[in-house]
Amino acid sequence: MKYIPEPFRIKTVEPIRMTTREYRRRAIEKASYNTFLLRSEDVYIDLLTDSGTSAMSDAQWAALQMGDEAYAGSKNFYDLEETVQEIFGYKYMVPTHQGRAAEHIMSQYLIKKGDYVPGNMYFTTTRLHQELAGGKFVDVIIDEAHDTTNPHPFKGNVDISKMQRLVDEVGVDKISYISYETCVNMAGGQPISMANLRELRKFCDKHGIKIMLDNTRTVENAYFIQKREEGYANKSIREIVKEICSYTDGCTCSSKKDCLVNIGGFLAMNDEEFFVEAKAQVVVYEGLHTYGGMSGRDMAALAQGIRESVETDDYIKYRVELTNYLGELLTEAGVPHVVPHGGHAIFLDAKRFLPHIDQDQFPAQALAAEIYVETGVRAMERGNVSSGRDPETGENRRPKLELVRLTIPRRVYTQAHIDYTAEGIARLYQKRAQIKGLKFVFEPKQLRFFQARFEPTEPVAVPVS
Ligand SMILES: Cc1ncc(COP(=O)(O)O)c(C=O)c1O
């Protein structure tokens with residue numbers, strides 16, 4: 001079976017509205033060709049992100065009613081702390097309002113000016129916080145991850161020989177830690193294997209390097225390990241998640257993804273000194289260490305969401321296979337995209353979709369805009385705009401991957417929504433030669449993809465009908 005039926009039924013609905021092509025053309029012009037600047041009510045199917053867009057369960061909505069909004073010592077904090085300890089296995093936990101706040105606190109504590117921070121590909125906010133702390137990110141992901149057609153089953157893996165080279169070149173004292181992400185977002189949601197993580201642990205033990213996990217999509221990664229890696233077919237998702245975390249020294253987590261809530265995050269670790277410092281910092285930037293920027297009810301929903309994400313294996317199977325279903329429809333239509341299909345999204349390969357547009361005219365940005373006009377579906381650029389400028393040269397980084405992300409919110413859209421999306425993109429692919437590039441009219445200095453404004457490089461950037 002290509003498609004896994006939903007392991008839930010729908011109890012509350014939110015109407016969505018289809019608009020005309022002319023309306024959407026005006027809307028994208030007003031949004032300066034940046035899908036982040038569209039109004040959500042002008043979007044029919046919102047595949048901008050899986051971040052904070054999950055549908056919560058009835059048990060999570062019930063948990064919201066149990067919020068203990070005490071400024072200090074909320075019972076929901078202690079429940080969340082126990083849940084993180086039990087499911088992920090770390091000794092200590094500091095709540096934050098979302099993932100980047102945890103990244104900020106961790107980077108300031110672990111990175112010294114002039115340090116190097118290796119990672120299995122960058123993530124936008126993660127790298128920015130590393131740079132703000134004076135660090136330099138070094139990509140140590142396997143080469144296969146940069147090739148959208150390579151079928152490697154674990155394209156998120158670290159190339160240990162690249163780690164060795166970095167140690168030889170700069171010395172271990174200059175390496176803050178390795179930033180290790182599960183289901184690597186910028187590579188197309190590509191998983192890491194347990195074998196790779198075990199080997200990395202051995203390498204890091206030998207050199208005294210910490211492994212800090214980006215735990216944002218570990219549950220999705222556990223599903224790929226269960227499905228693809230020898231020896232894991234009979235292990236539960238819960239067991240695999242715990243094993244992944246056990247090889248790491250701590251984590252940052254954006255709870256807005258796998259943890260099934262609309263806001264939240266945390267920083268976790270096994271080192272007590274780090275915990276004491278993180279608690280001191282969270283008070284400055286987020287709030288007291290027993291709420292860290294979340295309300296009591298947010299923490300209650302988060303603890304319940306974490307438990308649900310690993311309670312049975314049915315949920316995560318349905319979630320990842322729905323993403324795969326979109327990928328298969330696009331494969332049938334011949335639309336170029338990253339393979340193997342990732343867990344949270346299908347990533348269109350804009351370099352192959354629009355080979356006539358130079359990377360400095362932002363083909364992925366232009367493609368996301370035209371997908372919106374064609375279908376009312378909102379996607380997101382993950383390429384040259386997201387990657388930003390090299391702080392040393394000031395030039396666009398022109399990353400190897402120039403992608404458009406079609407991100408599937410959790411428990412939100414049905415098979416019919418996915419069919420509609422794939423059909424619209426297949427139609428646009430037939431008219432791709434009419435799509436034109438873009439140029440900046442406003443370029444923010446940091447994380448420019450969120451608020452940048454563009455205009456077409458030529459007067460009409462439109463497949464008209
Ligand atoms: C892998 C990864 N790390 C970190 C973050 C940052 O988390 P947040 O958006 O909650 O600040 C994200 C968010 O998209 C992410 O995908």
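Quick caveat: nothing in here was measured; it's all calculated off a predicted structure. Both ligands and their constituent atoms are indexed starting at 1 by order of listing.
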Original post:
Less than 3.5 Å between some nitrogen or oxygen of Lys256 and one of ligand 1, yes or no?
Top reply: no
Original post:
Taking both backbone and side-chain atoms of Phe123, is any N or O found less than 3.5 Å from an N or O belonging to ligand 1?
Top reply: no
Original post:
Taking Gln281 for the side chain and Tyr109 for the main chain, is one N or O donor matched with an acceptor at less than 3.5 Å?
Top reply: no
Original post:
Nearest protein heavy atom to atom 13 (C) of ligand 1, by residue and atom, and its distance?
Top reply: Lys257 NZ, 2.5 Å
**OP:** Before accepting this row, confirm whether a basic side-chain N of the pair Asp79/Arg307 lies closer than 4.0 Å to the acidic partner's carboxylate O.
**Re:** yes
Original post:
Parallel, tilted or perpendicular for Tyr44 and Tyr420, by the 30°/60° rule?
Top reply: perpendicular
**OP:** Using distance alone, decide if ligand 1 has a nitrogen or oxygen within less than 3.5 Å of any nitrogen or oxygen in Ser254.
**Re:** yes
**OP:** Taking only heavy atoms of Gly99 into account, list the atoms of ligand 1 that are under 4.0 Å away from them.
**Re:** 7 (O), 8 (P), 10 (O), 11 (O)
Original post:
If you draw the axis of the six-membered ring of Tyr247, does the NZ or CZ of Arg201 fall within 45° of it and under 6.0 Å from the ring centre?
Top reply: no
**OP:** Mark yes or no for whether Lys155, through its side chain, and Ile141, through its backbone, hold a donor-acceptor pair below 3.5 Å.
**Re:** no
Original post:
Which option out of His97, Glu103, His129, Arg100 puts a heavy atom nearest to atom 9 (O) of ligand 1?
Top reply: Arg100
**OP:** Measure the distance from atom 6 (C) of ligand 1 to every protein heavy atom, then report the residue, atom name and distance (to 0.1 Å) of the closest one.
**Re:** Thr125 OG1, 3.5 Å
Original post:
Under the 3.5 angstrom rule, does the side chain of Glu181 hit a backbone N or O of Asn120 as a donor-acceptor pair?
Top reply: no
**OP:** Mind running side chain to side chain donor-acceptor pair (under 3.5 Å) on Asn185 and Arg405 for me, showing each step along the way?
**Re:** CA-CA 10 Å; Asn185 192 352; Arg405 191 178 77 178; 3.1 Å; yes
Subject >> pair Ile225-Ile244: side-chain heavy atoms closer than 4.5 Å >> reply: yes
**OP:** Return the residue, atom name and 0.1 Å-rounded distance of the protein heavy atom closest to atom 8 (P) of ligand 1.
**Re:** Gln98 NE2, 3.3 Å
Original post:
How far is atom 2 (C) of ligand 1 from its nearest protein heavy atom, and which residue and atom is that?
Top reply: Asp214 OD2, 3.4 Å
Original post:
Any idea which atoms of ligand 1 are less than 4.0 Å away from a heavy-atom of Thr216?
Top reply: 2 (C), 3 (N)
**OP:** Kindly confirm or rule out an N or O of Arg217 lying under 3.5 angstrom from an N or O of ligand 1.
**Re:** yes
